[in-house]
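What follows is a short report on a single structure.
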Amino acid sequence: MADVSKRLEKAEKYLQKGKMESALEEYMDILKDEPNHDGARQAAADICVSLNRSSDAAKLLGPLFDRQAAANDAAKASITYKKLQRFTTPTVDQALRFGQLAEKTVKKDALDAYEAAITGLVAAGRRPEALGALKRVTALDPSINNWKRQGEMAAEVLDVKTAAEAFFQVGELEGKAGREGASWYERAFSTDPSNPHTALAHGRATLAKGDGPGAVKVVEALARAEGALPELRELYCKALLAAQRPLDAEPYVWELLDKDPKQAE
């Protein structure tokens with residue numbers, strides 16, 4: 001086996017003379033013996049691009065990106081990934097890895113990569129993994145639309161806790177935008193009745209509509225549980241009063257008065 005440095009020099013001389021095919025052959029021979037030689041792989045890929053041999057360029061760039069990504073070399077991996085995109089569709093795993101690397105540098109690149117991965121994962125029937133990628137999208141861009149998408153996909157894969165939290169966030173954002181969020185709180189609660197925050201939000205919305213008995217039904221189990229949120233117990237008390245059940249509300253009334261005498265009225 002010839003010394004690699006000498007073979008690299010030989011390939012470089014071929015390039016200087018414009019003998020692209022000979023240079024490529026030399027680089028490919030190097031890769032047969034040392035497949036992890038990134039310099040030779042990069043040079044070979046560049047020659048393939050110059051020779052319009054797109055499929056060969058893609059075959060060379062894929063493993064190069066994988067190693068750069070494994071080394072957390074975001075700068076080089078980004079350049080290689082974008083080259084790879086010109087000639088082929090990166091695998092879903094490559095898209096996911098690039099998304100992770102790009103999160104800290106170019107958010108749009110990360111979002112585009114995650115969206116590509118989600119499409120590929122859904123097509124491959126890998127919905128739980130697609131949900132994981134969608135969570136990263138929502139973390140980067142917590143828009144109403146992305147929370148809705150996350151909730152719907154989580155519901156499809158029966159991840160009720162993730163779905164409920166997503167629908168709750170939709171309700172919160174709708175409310176902040178001056179729109180009605182109660183229906184989303186209701187959906188969040190029906191998806192996961194064990195979540196105290198969704199129960200609280202749905203219970204408050206129900207009571208605000210004047211439905212005391214309905215609010216009681218929503219929060220009763222969680223409000224009476226050991227270690228219940230103080231806000232849930234307070235809402236339960238108010239719901240009982242609104243439902244014309246003052247005797248049931250009395251213990252909670254005294255509890256509230258002990259904590260805040262100003263609530264006497």
Side-chain angles (χ1 to χ4, degrees), residues 1-137 139-141:
M1 184 189 304
D3 181 75
V4 172
S5 60
K6 292 181 179 180
R7 296 165 75 180
L8 289 171
E9 288 177 10
K10 185 177 179 181
E12 183 62 31
K13 288 179 181 179
Y14 280 134
L15 284 176
Q16 291 172 359
K17 294 177 181 179
K19 297 181 178 180
M20 307 286 280
E21 292 284 359
S22 296
L24 178 58
E25 184 177 346
E26 196 65 41
Y27 285 127
M28 295 304 293
D29 283 343
I30 293 173
L31 290 174
K32 287 179 183 178
D33 296 328
E34 296 194 28
N36 292 335
H37 195 296
D38 289 348
R41 185 173 293 278
Q42 181 67 69
D46 290 341
I47 294 174
C48 286
V49 171
S50 298
L51 296 174
N52 293 318
R53 292 169 56 171
S54 300
S55 61
D56 290 332
K59 291 176 183 177
L60 289 161
L61 291 169
L64 181 61
F65 168 78
D66 292 339
R67 280 196 297 280
Q68 291 168 339
N72 289 317
D73 191 336
K76 290 182 179 179
S78 178
I79 294 171
T80 303
Y81 184 84
K82 291 178 180 180
K83 285 183 180 179
L84 184 62
Q85 282 184 303
R86 290 165 52 193
F87 308 115
T88 189
T89 300
T91 68
V92 291
D93 294 315
Q94 288 171 333
L96 285 171
R97 189 68 186 99
F98 177 66
Q100 294 168 354
L101 291 171
E103 279 190 23
K104 299 177 181 179
T105 53
V106 184
K107 186 172 80 169
K108 183 181 184 304
D109 285 349
L111 289 170
D112 289 344
Y114 282 135
E115 291 291 358
I118 291 167
T119 299
L121 289 166
V122 169
R126 296 163 62 182
R127 285 186 176 273
E129 292 171 81
L131 175 60
L134 184 50
K135 287 181 179 180
R136 297 309 312 149
V137 169
L140 290 169
D141 180 19

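- Taking 4.5 Å as the limit, every side-chain heavy atom of Asp56 sits out of range of all side-chain heavy atoms of Leu51.
- In this structure, Ser50 contributes its side chain and Asp46 its backbone to a donor-acceptor pair below 3.5 Å.
- Leu8 and Ala40 make their closest contact through CD2-CB, 4.4 Å (heavy atoms, listed as atom of the first residue, atom of the second, distance).
- The two residues Ile118 and Ala133 come nearest to each other via the heavy atoms CG1-CB, 3.6 Å.
- When all heavy atoms are compared, the tightest approach of Val49 to Ala57 is CG2-CB, 4.0 Å.
- No side-chain donor-acceptor contact under 3.5 Å links Arg41 to the backbone of Asn36.
- Side chain of Arg7 to main chain of Asp29: a donor-acceptor pair is present (N/O by atom type, distance under 3.5 Å, no hydrogens or angles).
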For the pair Phe98 and Gln94, evaluate side chain to side chain contact (heavy atoms under 4.5 Å, CB included) and give the outcome as yes or no after the intermediate values.
CA-CA 6 Å; Phe98 177 66; Gln94 288 171 333; over 6 Å; no
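- Using modelled atom types, one side-chain atom of Arg97 and one backbone atom of Ala69 make a donor-acceptor pair closer than 3.5 Å.
- Classification of Arg53 and Glu21 as a salt-bridged pair holds, one side-chain N sitting under 4.0 Å from a carboxylate O.
- Under a cut-off of 6.0 angstrom, the local environment of CD in Gln85 is crowded, with over 12 non-hydrogen atoms contributed by other residues, nucleotides or ligands.
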Test salt bridge (Lys or Arg N to Asp or Glu O under 4.0 Å) applied to Lys107 and Asp141, step by step:
CA-CA 9 Å; Lys107 186 172 80 169; Asp141 180 19; 5.6 Å; no
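- To the nearest 0.5 Å, atom CD of residue Glu25 and atom NZ of residue Lys10 are 8.5 Å apart.
- For the atom pair CZ (Arg126) and CG (Leu131), the distance works out to 13.5 Å, reported to the nearest 0.5 Å.
- The residue from Gln42, His37, Glu12 that alone fulfils the side chain to side chain contact (heavy atoms under 4.5 Å, CB included) condition with Tyr27 is Glu12.
- Remark: Ile79 CD1 to Asp73 CG distance equals 9.0 Å, nearest 0.5 Å.
- A distance of 10.5 Å separates OG in Ser55 from CZ in Phe87, rounded to the nearest 0.5 Å.
- Tyr114 places a side-chain N or O within donor-acceptor distance of the main-chain N or O of Gln100, the cut-off being under 3.5 Å.
- Side-chain contact between Arg136 and Leu96 is absent, with no heavy atoms from C-beta onward closer than 4.5 Å.
- Separating the CE atom in Met20 from the CG atom in Leu15 is a distance of 6.0 Å, to the nearest 0.5 Å.
- Looking at Asp38 and Lys76, no side-chain N of the basic residue comes within less than 4.0 Å of a carboxylate O on the acidic one, giving no salt bridge.
- With Thr105 contributing its side chain and Ala102 its backbone, the two residues share a donor-acceptor pair below 3.5 Å.
- Residues Gly99 and Ala110 approach most closely at O-CB, 3.5 Å, considering heavy atoms.
- Side-chain atoms of Leu31 and Leu60, non-hydrogen and from C-beta on, do get closer than 4.5 Å to each other.
- Between the CD atom in Glu9 and the OG atom in Ser5 there is a gap of 5.5 Å [rounded to 0.5 Å].
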